[in-house]
Amino acid sequence: GYCRNPTCKEGFQKMVVCNRGVGHHLINDDIMNEVIKCPCCSKKVTLDHISLFRCKAKMLVHSSEEEEQTFHATGDDIIKIGSKVGDAVFENYLMSIIVETPKADGCVIA
């Protein structure tokens with residue numbers, strides 16, 4: 001998302017990345033608990049999209065039916081989830097993402 005803090009000298013009005021790493025992430029809990037923060041000023045950032053980089057991820061979306069999707073981002077590929085849709089894609093559904101790092105590549109959830 002974008003940093004909206006006018007006192008942030010490095011991130012204000014710029015796209016910032018909140019690296020969540022590997023593990024099990026409950027996206028809705030992260031939004032409600034304001035875990036997603038600007039790395040420059042530590043203020044809340046509104047989630048714009050989720051980017052997967054150099055990882056394998058399984059996403060479960062719980063709405064009226066449970067939907068599971070698997071993603072595998074390799075090399076320089078970046079997979080964006082929810083891009084340009086806004087908060088509704090994250091707030092109207094219960095989403096969890098389980099991220100694994102294939103080999104020693106490293107992983108970024110932004």
- prompt: So Cys3 and Cys40, side chain to side chain contact (heavy atoms under 4.5 Å, CB included) or not? Walk me through it.
  reply: CA-CA 9 Å; Cys3 179; Cys40 303; over 6 Å; no
**Message:** With side chain to side chain contact (heavy atoms under 4.5 Å, CB included) as the criterion, how do Val16 and Glu10 come out once you've worked through the C-alpha distance, each side chain's angles and the decisive distance to 0.1 Å?
**Reply:** CA-CA 10 Å; Val16 295; Glu10 295 179 41; over 6 Å; no
Quiz item: What do the steps show when you test Ile50 against Met59 for side chain to side chain contact (heavy atoms under 4.5 Å, CB included), and what is the final call?
Solution: CA-CA 11 Å; Ile50 296 169; Met59 180 177 74; 5.8 Å; no
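Proximity of a side-chain donor or acceptor of Asn33 to a complementary backbone N or O of Asp29 within less than 3.5 Å is detected. Panel note: side chain Arg54, backbone Asp76; no donor-acceptor pair is recorded below 3.5 Å.
When the side chain to side chain contact (heavy atoms under 4.5 Å, CB included) test is applied to Lys58, the partners found at least two apart in sequence or on another chain are Glu68, Thr70, Ile98.
Put simply, Ile36 and Ile79 are part of the same group of oily side chains (I, L, V, M, F, W, Y) that touch within less than 4.5 Å, one to the next.
Scanning both residues, His25 and Asp30, for their nearest heavy atoms gives CB-OD2, 4.4 Å. Looking at every heavy atom in both residues, Cys38 comes nearest to Val45 through N-CG2, 3.3 Å. For Phe53 against Asp77, the heavy-atom pair with the smallest separation is CD1-O, 3.4 Å. Here the shortest heavy-atom pairing between Leu52 and Phe71 reads CD1-CB, 3.8 Å.
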